[in-house]
There are 2 protein chains.
Amino acid sequence: MTSDHVFAALASPVRRRLLRLLLDEGAQPAGRLAVRFDMSRPSVSEHLKVLKDAGLVAETRMGRERHYRLEAAPLMEIREWLTPYERFWRERLSALGTLLDEMDDLDPDRDGFEDPNERNGEQPHD
Amino acid sequence: MTSDHVFAALASPVRRRLLRLLLDEGAQPAGRLAVRFDMSRPSVSEHLKVLKDAGLVAETRMGRERHYRLEAAPLMEIREWLTPYERFWRERLSALGTLLDEMDDLDPDRDGFEDPNERNGEQPHD
DNA sequence: ACTATACGTAGGAAATTTCCTACATATCAA
DNA sequence: TTGATATGTAGGAAATTTCCTACGTATAGT
């Protein structure tokens, strides 16, 4: 449910690959997914459970099969978490500006901020 | 080094909070970071090591202190991994179209694709 | 009613992660 | 030099993750 579950689910390469398979090839029964992995079928089933608990896949019962489909919505939380770091990429890596420069044109007020490093004062926080 | 390390590093709420602190407040010595956590100082030090191994922080020795600073570049890999899922958000969630619609105007050829679900054919893939 | 298929779950071994308390090292301050 | 400060590392306990082999359940086909 929480965003913690989503981050934790993405920590496994097997689970990321499962998501990619569902993205590229669409909803599939568990067994057809499992044969792609060098791993027992029940183990893949357990990975699917982790993804389901994170809200990243949903299952639909089709006769004796269970079709799993991608639920990409929770990935938005990851993207949102990532957003505040983007300005850092622009500071450090000026070389790949293509996409970011396009966004610049759209949202020009992202310029002119202070570098949060190089700071040294007391931290009255917390 | 690999992108696996980055995903794994982000799986811990403690490490995500460390990154956020460095983003919001700038580079800091390990001890000042540690007191923010309800956890022993050496444990925070170990979390910093995981972040360092993932390339997400770098350290600079300042006398007897070690200042840790954010290295946001590896987060780009996460964002890139996320990108192909974005069209799914637009299918399912039409409500938040603001940003995505702006990107639409820039990159109009993202329209008109088939739903990867609702497929049923054989999978010659491996 | 049978048998085969598709799948999840139980139970457990092995590996990994997370956290702790010492402890060692390096620097600063007197 | 001596003592305090800042920090990483060693070693280990506890929790969690990952994977396996049975095994149980439900559906489909005959």
Side-chain angles (χ1 to χ4, degrees), chain A residues 1-19 21-22 25-69 119-120 122-123, chain B residues 1-19 21-22 25-69 119-120 122-123:
Chain A
M1 287 293 195
T2 84
S3 168
D4 280 19
H5 293 353
V6 182
F7 275 106
L10 296 182
S12 156
V14 172
R15 290 192 289 265
R16 292 200 301 278
R17 189 170 156 217
L18 277 168
L19 293 178
L21 285 171
L22 294 177
E25 309 175 0
Q28 297 178 48
R32 180 157 9 135
L33 289 165
V35 294
R36 308 293 207 82
F37 293 84
D38 189 21
M39 180 186 303
S40 77
R41 181 195 54 73
S43 294
V44 175
S45 215
E46 280 164 350
H47 280 294
L48 284 169
K49 182 182 170 57
V50 173
L51 291 171
K52 198 176 90 178
D53 291 347
L56 286 165
V57 304
E59 68 178 40
T60 306
R61 297 173 118 103
M62 302 261 299
R64 58 184 160 183
E65 298 180 336
R66 298 197 189 181
H67 281 60
Y68 285 89
R69 68 173 181 282
R119 231 197 264 178
N120 218 357
E122 279 309 307
Q123 303 293 140
Chain B
M1 288 292 197
T2 84
S3 168
D4 279 18
H5 293 352
V6 183
F7 275 105
L10 295 183
S12 154
V14 171
R15 290 191 289 266
R16 291 199 302 280
R17 189 171 156 217
L18 278 167
L19 293 178
L21 284 171
L22 293 177
E25 308 176 2
Q28 295 178 47
R32 189 177 339 158
L33 289 165
V35 294
R36 307 293 207 84
F37 292 84
D38 190 20
M39 181 186 303
S40 78
R41 182 195 53 75
S43 293
V44 175
S45 213
E46 280 164 350
H47 281 295
L48 284 168
K49 180 181 171 59
V50 173
L51 290 171
K52 197 176 91 180
D53 291 346
L56 286 164
V57 305
E59 66 179 40
T60 306
R61 297 172 118 103
M62 301 262 299
R64 58 185 158 180
E65 298 178 338
R66 296 196 191 182
H67 281 59
Y68 285 89
R69 67 172 180 282
R119 232 197 263 178
N120 219 358
E122 279 310 308
Q123 305 291 141

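We use all heavy atoms of the structure for the numbers below, so side chains are in, but hydrogens, waters and symmetry mates are not. A note on names: the letters A, B, ... follow the listed sequences, proteins ahead of strands, and every chain is numbered from 1.
- Distances shown here put a side-chain N or O of B:R15 below 4.0 Å from the OP1 or OP2 atom of C:dT18.
- Remark: the A:R41 side chain and the C:dG8 base include a donor-acceptor N/O pair separated by less than 3.5 Å.
- Closest approach to the A:M39 side chain among D:dC20, D:dG8, C:dG8 is made by D:dC20 (side chain taken as heavy atoms from C-beta onward).
- To the nearest angstrom, P of C:dT27 lies 15 Å from NE2 of B:H67.
- Residues B:L19 and B:L10 have side chains in contact (heavy-atom distance under 4.5 Å, counting atoms from C-beta outward).
- The side chain of B:R66 approaches D:dG8 more closely than any other nucleotide in the set D:dG11, D:dG8, C:dC7.
- Side chain A:R64 to base C:dT5: a donor-acceptor pair is found below 3.5 Å.
- Distance A:M62 CE to D:dA28 C1': 14 Å, rounded to the nearest Å.
- Between A:S40 and D:dC19 there is no side-chain N or O to OP1 or OP2 distance below 4.0 Å.
- Going from atom CG of A:L51 over to atom P of C:dG8 covers 12 Å, rounded to whole Å.
- Using a 4.0 Å cut-off, no side-chain N or O of A:H47 falls inside it from OP1 or OP2 of D:dT17.
- The interatomic distance linking A:H5 (NE2) with D:dT17 (P) rounds to 10 Å, in whole Å.
- Across the interface with DNA chain D, nearest-nucleotide mapping of A:A11 and A:G63 shows A:A11 to be the residue nearer the 5′ end.
- When the C1' atom of C:dG8 is taken as reference, atom CD of A:E65 falls 15 Å away, rounded to whole Å.
- Rounded to the nearest 0.5 Å, atoms NZ (B:K52) and CD (B:E46) are 13.0 Å apart.
- In terms of position along DNA chain D, the nucleotide closest to B:A30 lies nearer the 5' end than the nucleotide closest to the other residue of the pair A:D38 and B:A30.
- Tested against B:E25 for a salt bridge (Lys or Arg N to Asp or Glu O under 4.0 Å), the candidates B:R17, B:R32, B:R36 yield a single pass: B:R36.
- Look at B:Y68 and you'll find a side-chain N or O under 4.0 angstrom from OP1 or OP2 of D:dG8.
- Counting only heavy atoms from C-beta outward, the side chains of B:V44 and B:L18 approach each other to under 4.5 Å.
- The distance between atom CG of B:D53 and atom P of C:dT17, rounded to the nearest whole Å, is 11 Å.
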Verdict with reasoning, A:R69 to A:T60, per side chain to side chain contact (heavy atoms under 4.5 Å, CB included): CA-CA 8 Å; A:R69 68 173 181 282; A:T60 306; 2.7 Å; yes

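- Proximity of A:S43 to the phosphate of D:dC20: a side-chain N or O atom is located under 4.0 Å from OP1 or OP2.
- Counting any heavy atom pair closer than 4.0 Å across all strands shown, B:P42 reaches a base atom.
- Distance A:R61 CZ to D:dT27 C1': 11 Å, rounded to the nearest Å.
- Atom CD in B:E46 sits about 12 Å away from atom P in C:dT21, given to the nearest Å.
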